[in-house]
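Residues: numbered from 1 along the sequence shown.
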Amino acid sequence: HVQLVESGGGSVQTGGSLKLSCVASDEGVYGSACMAWFRQAPGQKREAVAALYTAGDSTFYADSVKGRFTISQDRGGTVYLQMDSLRPEDTAMYYCASDYTYSGSWCHLPAATSNFRYWGQGTQVTVS
């Protein structure tokens, strides 16, 4: 069972930046996996905002964050979500999700929550 731990959330003013981090308990998940960031605002469905296929370094973004958010991975396997030009509508709980994939064929956006077996506990992002 893979555990994911997110950090980096907080409160920021409109136009500000935050960088979220996601660390997995099993480094093997980084070898060939789909790592994604989802968010869920109160009363809303959980939606994927960015995804990364670790074996190919392909990245995918929701239209609502394209050009403002960047998903990346460092050599240690930590996955990041750099969020710039934040807007009040970005306010949500942000979750890291992952699952193994050999080909990465299903690693894209839009992404279904059912594609991912492993989830973090979430980190709150508030933009005012």
Verify the neighbour count for atom CD of Gln3: are there more than 12 heavy atoms of other residues, nucleotides or ligands below 6.0 Å? no
Return the OG1 to CG distance between Thr126 and Leu86, rounded to the nearest 0.5 Å. 10.5 Å
Do the side chains of Tyr61 and Val125 join up, straight or via other hydrophobic residues, at under 4.5 Å, putting them in one cluster? yes
Between Val65 and Phe38, is there a shared hydrophobic cluster once you connect ILVMFWY residues whose side-chain heavy atoms come closer than 4.5 Å? no
Would you say Val49 and Phe60 are hydrophobically clustered, going by side-chain heavy atoms of ILVMFWY under 4.5 Å? no
Run the numbers on Cys34 and Tyr100 for side-chain contact (heavy atoms from CB on, under 4.5 Å), then give the verdict. CA-CA 6 Å; Cys34 187; Tyr100 302 98; over 6 Å; no
Got a donor-acceptor contact below 3.5 angstrom from the Gln82 side chain to the Thr70 backbone? no
With rounding to the nearest 0.5 angstrom, report the CG to CH2 distance, Leu20 to Trp37. 4.5 Å
Which value, rounded to the nearest 0.5 Å, describes the distance between Ser21 atom OG and Tyr80 atom OH? 5.0 Å
I'd like to check the salt bridge (charged side-chain N to carboxylate O under 4.0 Å, His left out) partners of Lys19; sequence neighbours left out, ordered by chain and number. none
Which value, rounded to the nearest 0.5 Å, describes the distance between Leu18 atom CG and Ser11 atom OG? 8.5 Å
Taking the basic N atoms (NZ, or NE/NH1/NH2) and the acidic carboxylate oxygens, is any pair closer than 4.0 Å for Arg87 and Asp90? no
Heavy atoms only: give me the nearest Ala62-Ala48 pair and the separation to one decimal. CB-O, 3.7 Å
Closest non-hydrogen atom pair, Cys96 against Leu4: O-CD1, 3.5 Å
Please check this pair: side chain of Thr123 against backbone of Ser7, looking for a donor-acceptor N/O pair closer than 3.5 Å. no
Single-linkage hydrophobic cluster, 4.5 Å side-chain cutoff, Phe69 and Val12 together: yes
Using the side chain to side chain contact (heavy atoms under 4.5 Å, CB included) rule, pick out the option among Ser72, Cys107, Ser98 that qualifies with Met35. Ser98
Side chains of Asp84 and Ser17: does their closest heavy-atom pair fall under 4.5 Å? yes
State whether the side chain of Thr14 and the backbone N or O of Ser128 hold a donor-acceptor pair below 3.5 Å, judged by distance alone. yes
Under 3.5 Å: donor-acceptor pair, side chain of Thr91, backbone of Val127: yes
Got a donor-acceptor contact below 3.5 angstrom from the Gln73 side chain to the Val79 backbone? no
Gln40 side chain to Ala92 main-chain N or O, any donor-acceptor pair under 3.5 Å? no
Calculate, to the nearest 0.5 Å, the distance between atoms OH and CZ belonging to Tyr95 and Arg39 respectively. 13.5 Å
Could you check whether the rings of Phe116 and Trp106 sit parallel, tilted or perpendicular, using 30° and 60° as the cut-offs? perpendicular
What are the two closest non-hydrogen atoms of Tyr53 and Ser32, and how far apart are they? OH-OG, 3.6 Å
Take atom CD of Glu89 as the centre, draw a 6.0 Å sphere, and report whether it contains more than 12 heavy atoms from other residues, nucleotides or ligands. yes
When rounded to the nearest 0.5 Å, the distance separating OG1 of Thr101 from CG of Asn115 is 9.5 Å
